[in-house]
Amino acid sequence: MEMKTSEKIRFLIRRRNLTLGDVAEGTNQTRQNFSNKMTRNNFKESELSEIAGFLGCDLKIVFIDKQTGDEI
């Protein structure tokens, strides 16, 4: 089973010994707003890019054609 985006973010936060508050502050969001997004698993691509940058990661978003299996 694939991890949700918010689960991946939590995994990286733990790996970096950070808190949700650290990431919220580092991405110029309120803690409440970031927590709500984590709960809803609802992020804009630009927000994910900013979070990835703060966590020292590259972000890769891929579409996979279900008919061919090709990554687009």
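Note that CG of L48 and OG1 of T5 are 6.0 Å apart. Values are rounded to the nearest 0.5 Å. One finds the CG atom of L20 at 5.5 Å from the CE atom of M38 (value rounded to the nearest 0.5 Å). The line from NZ of K44 to CD1 of I51 is 12.0 Å long, rounded to the nearest 0.5 Å.
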Below 3.5 Å, can you tabulate the donor-acceptor pairs from side chains in residues 65-72 to any protein atom, sequence neighbours excluded?
from : atom 1 : to  : atom 2 : distance (Å)
D65  : OD1    : Q67 : N      : 2.8
D65  : OD1    : T68 : N      : 3.3
T68  : OG1    : D70 : N      : 3.1
T68  : OG1    : D70 : OD2    : 3.1

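A continuous path of hydrophobic side-chain contacts links F43 to I61 [ILVMFWY only; heavy atoms under 4.5 Å]. Cluster membership for F63 and L59, using ILVMFWY side-chain heavy atoms within less than 4.5 angstrom, is not shared.
The side-chain hydrogen bond (donor to acceptor under 3.5 Å, both in side chains) check on Q29 picks up T27, N33, K37, with sequence neighbours excluded. Residues passing the side-chain hydrogen bond (donor to acceptor under 3.5 Å, both in side chains) test with N36 are Q32, sequence neighbours excluded. Every side-chain hydrogen bond (donor to acceptor under 3.5 Å, both in side chains) that S6 has, sequence neighbours left out, goes to N41.
Residues L18 and L55 come closest through the heavy atom pair CD1-CD2, 3.8 Å.
Between the side chain of S49 and the backbone N or O of E45, no donor-acceptor pair lies under 3.5 Å.
Note on residues 5-32: pairs passing salt bridge (charged side-chain N to carboxylate O under 4.0 Å, His left out), not counting sequence neighbours, are E2-K8.
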